[in-house]
Amino acid sequence: MKDVLSARTIGLRHKWPLRITKIPGTWNVSEILVYLAAIMALFIIGCALFPQWIAPYAPTEMLGDQIMHAPSTSHLFGTDYFGRDVFSLVVYGSRDSLIIGFSSVLAGGIIGGSIGALSGYIGGVIDTIFMRIIDVLMTIPGILLALAIAAALGPHLFNLIFAVAAASIPQYARVMRGQILSIKNRSFITASRSIGASKFRIFFRHVLTNAWSPLLVMSTIGLGASILVSSGLSFLGLGVLKEIPDWGSLLSQGRGYLTVAWWICTFPGLAITLFVISVNLIGDKLRDSLDPKQRRA
């Protein structure tokens with residue numbers, strides 16, 4: 001009996017350390033969080049696209065006999081100081097918040113990515129001029145740059161989009177330039193030059209197609225940052241002045257009632273938090289999926 005036990009012990013020693021692998025057909029915690037984040041993000045996007053199907057009340061409907069009522073079955077998020085349903089305000093306010101977020105990310109990614117791509121591929125004087133300008137812009141905090149632009153242009157939807165996009169351009173330009181520099185001297189680019197491929201074809205056919213994935217991941221994660229910056233500007237009174245306020249304006253309007261009606265600003269802040277966390281989790285998963293090192297691991 002002792003010989004059998006010793007043999008088994010020796011066998012276990014040879015097999016140690018054991019490699020713990022994922023059981024097929026099971027999910028780990030990170031995958032569950034990503035799926036929950038995707039569901040939450042899709043729900044908020046659905047609120048922005050079809051608010052009239054989700055909100056139980058019109059955002060401008062005032063119920064005089066239900067002013068500052070606490071959350072209940074008839075008003076899930078309570079009512080504000082005008083008797084408006086807070087849940088409906090959050091649903092309708094998601095439209096402007098997401099328009100600013102997606103538009104600023106798209107504009108910042110296109111402009112910054114184009115600057116970084118041209119600077120990295122052409123090099124020389126063009127690269128020096130562009131990068132010195134980017135260096136100057138990167139010395140200014142993004143929120144401060146967006147605040148200065150929004151204050152100079154005034155409260156308007158397009159001004160806010162421009163301010164948030166301008167604050168994100170340096171980061172996109174830096175990431176794209178670094179990716180172009182790492183690709184343009186690789187062996188397959190040299191082979192393309194040797195067979196007579198034009199610079200235009202090499203740039204669009206081989207360089208850009210291999211450089212877009214980091215920019216896509218950065219855009220996904222940057223969406224949450226854009227929502228935070230735009231909400232902060234709206235909170236300071238530099239946002240969109242409309243009958244239907246966005247999330248930042250709802251926070252600003254409810255801060256004076258925090259001690260007597262906490263739900264007026266708590267639920268808009270919760271919507272911002274959930275959306276930012278959701279897109280960050282999706283961005284992290286996207287980064288792991290597009291990273292060749294992660295795929296090999």
Side-chain angles (χ1 to χ4, degrees), residues 93-120 125-181 211-212 214-242 245-253 255 268-269 271-273 275-280 283-284 287:
S94 63
R95 174 173 291 179
D96 283 342
S97 296
L98 294 193
I99 286 175
I100 296 170
F102 279 102
S103 300
S104 61
V105 165
L106 183 62
I110 291 176
I111 297 173
S114 300
I115 293 173
L118 292 175
S119 178
V125 179
I126 300 295
D127 182 33
T128 303
I129 294 174
F130 278 152
M131 287 303 103
R132 295 298 78 77
I133 296 174
I134 294 299
D135 289 340
V136 172
L137 292 177
M138 291 190 71
T139 60
I140 307 173
I143 182 65
L144 185 59
L145 180 61
L147 178 63
I149 295 174
L153 298 179
H156 193 273
L157 179 64
F158 295 104
N159 296 341
L160 195 58
I161 292 173
F162 176 73
V164 178
S168 64
I169 286 175
Q171 287 77 19
Y172 289 113
R174 275 293 184 184
V175 170
M176 188 53 126
R177 177 180 178 271
Q179 192 69 8
I180 295 295
L181 289 176
W212 63 271
L215 200 65
L216 177 61
V217 174
M218 186 177 178
S219 299
T220 306
I221 299 176
L223 177 60
S226 298
I227 295 291
L228 285 176
V229 172
S230 62
S231 299
L233 295 177
S234 297
F235 182 83
L236 296 175
L238 298 173
V240 184
L241 301 179
K242 295 172 63 177
D246 61 355
W247 289 340
S249 298
L250 288 173
L251 282 173
S252 179
Q253 294 174 6
R255 61 179 173 173
I272 297 172
T273 303
F275 187 77
V276 171
I277 292 176
S278 297
V279 295
N280 283 344
D284 289 340
R287 179 192 58 196

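The first residue in the sequence is number 1, and the count goes up from there.
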Salt bridge (Lys or Arg N to Asp or Glu O under 4.0 Å): which pairs involve residues 140-164, sequence neighbours left out? none
Please report the closest heavy-atom contact between Phe235 and Ser252, naming both atoms and the distance. O-OG, 3.2 Å
Shortest non-hydrogen separation from Ile115 to Ile169 and the atoms involved: CD1-CG2, 4.4 Å
Atom pair CG (Asp135) and OG1 (Thr128), whose distance is rounded to the nearest 0.5 Å: 10.5 Å
Which atom names give the shortest non-hydrogen contact between Pro155 and Gly239, and what distance separates them? CB-O, 3.1 Å
Counting C-beta onward and ignoring hydrogens, is there a side-chain heavy-atom pair between Ile221 and Asp284 closer than 4.5 Å? yes
Listed partners of Ser168 passing side-chain hydrogen bond (donor to acceptor under 3.5 Å, both in side chains), at least two apart: none
Calculate, to the nearest 0.5 Å, the distance between atoms CG and CD1 belonging to Leu215 and Ile110 respectively. 9.5 Å
So how far is it from Ser119 OG to Ile133 CD1, rounded to the nearest 0.5 Å? 10.0 Å
So do the side chains of Ile100 and Val240 get within less than 4.5 Å of each other, counting heavy atoms only? yes
Quick one: are Arg174 and Met131 in side-chain contact, heavy atoms under 4.5 Å? yes
Side-chain heavy atoms of Asp127 within contact of Arg177, under 4.5 Å: yes
Set of residues satisfying side-chain contact (heavy atoms from CB on, under 4.5 Å) with respect to Ile180, sequence neighbours excluded: Ala117, Tyr121, Met176, Val207, Leu208, Ala211
What distance do Ser226 atom OG and Leu106 atom CG have between them, rounded to the nearest 0.5 Å? 11.0 Å
Got Leu118 and Ile126 here, is their nearest side-chain heavy-atom distance under 4.5 Å? no
Who pairs with Ile149 by side-chain contact (heavy atoms from CB on, under 4.5 Å), at least two apart in sequence or on another chain? Leu145, Leu153, Phe162, Ala163, Ala166
To the nearest 0.5 angstrom, please state how far the CZ atom of Phe275 sits from the CG atom of Leu98. 5.0 Å
So do Tyr172 and Val105 actually touch side chain to side chain, heavy atoms under 4.5 Å? yes
The complete set of salt bridge (Lys or Arg N to Asp or Glu O under 4.0 Å) pairs with one or both residues in residues 148-164, sequence neighbours excluded, reads none
Counting C-beta onward and ignoring hydrogens, is there a side-chain heavy-atom pair between Leu233 and Val164 closer than 4.5 Å? yes
Shortest non-hydrogen contact from Leu228 toward Ile272: CD2-CG2, 3.8 Å
For Pro214, which residues count as a side-chain contact (heavy atoms from CB on, under 4.5 Å) partner, sequence neighbours excluded? Val175, Gln179
At their closest point, which heavy atom of Ser234 faces which heavy atom of Asp246, and how far apart are they? OG-OD2, 2.7 Å
In short, Pro170 meets Leu137 closest at the heavy-atom pair CG-CB, 3.6 Å
Contact check, side chains of Leu157 and Ile161, non-hydrogen atoms, under 4.5 Å: yes
